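Note that this is a predicted model, so its numbers are computed, not measured.
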Amino acid sequence: MSLGKQLKLPRYGLFYFESDQTLLILPMSKVKNVLEGNHKTSGSIVELLYVSLLLKAEIIGVDGMF
């Protein structure tokens with residue numbers, strides 16, 4: 001069994017990008033910086049590395065976290 005499954009780390013998150021008003025499901029490994037809150041809770045503001053751009057997004061939900 002992998003370490004991620006043993007520790008129940010979230011693997012995917014639903015992110016809202018205010019810049020173009022879109023929603024995307026991305027791996028949590030794409031989170032590079034936490035600007036507000038933390039990397040697991042809804043409403044937190046984070047910076048994501050998407051393709052080769054660093055984008056600001058809000059976490060809507062995280063896999064396994066309610």
Tell me, please, which residues at least two apart from E18 pass side-chain hydrogen bond (donor to acceptor under 3.5 Å, both in side chains). none

How many angstroms lie between atom CD1 of I60 and atom OH of Y16, to the nearest 0.5 angstrom? 8.0 Å

For K30 and F15, what are the C-alpha separation, side-chain angles and deciding distance, and is it a side chain to side chain contact (heavy atoms under 4.5 Å, CB included)? CA-CA 11 Å; K30 298 287 185 182; F15 298 94; over 6 Å; no

Per-pair distances, 0.1 Å, donor-acceptor, side chain in residues 45-57, under 3.5 Å, sequence neighbours excluded:
{"unit_1": "E47", "atom_1": "OE1", "unit_2": "N33", "atom_2": "ND2", "d": "2.7"}

As an exercise, state the distance from CD of E58 to CG of L23, rounded to the nearest 0.5 Å. 10.0 Å

Within the side chain of S42, is there an N or O that forms a donor-acceptor pair under 3.5 Å with the backbone of I59? no

Tell me every residue that passes side-chain contact (heavy atoms from CB on, under 4.5 Å) with I25, counting only those two or more places apart in sequence or in another chain. Y12, L14

Sequence-distant partners of T41, side-chain hydrogen bond (donor to acceptor under 3.5 Å, both in side chains), two or more places apart: N38, S44

Where is the tightest heavy-atom contact between M28 and H39, given as atom of each residue plus distance? CE-O, 2.8 Å

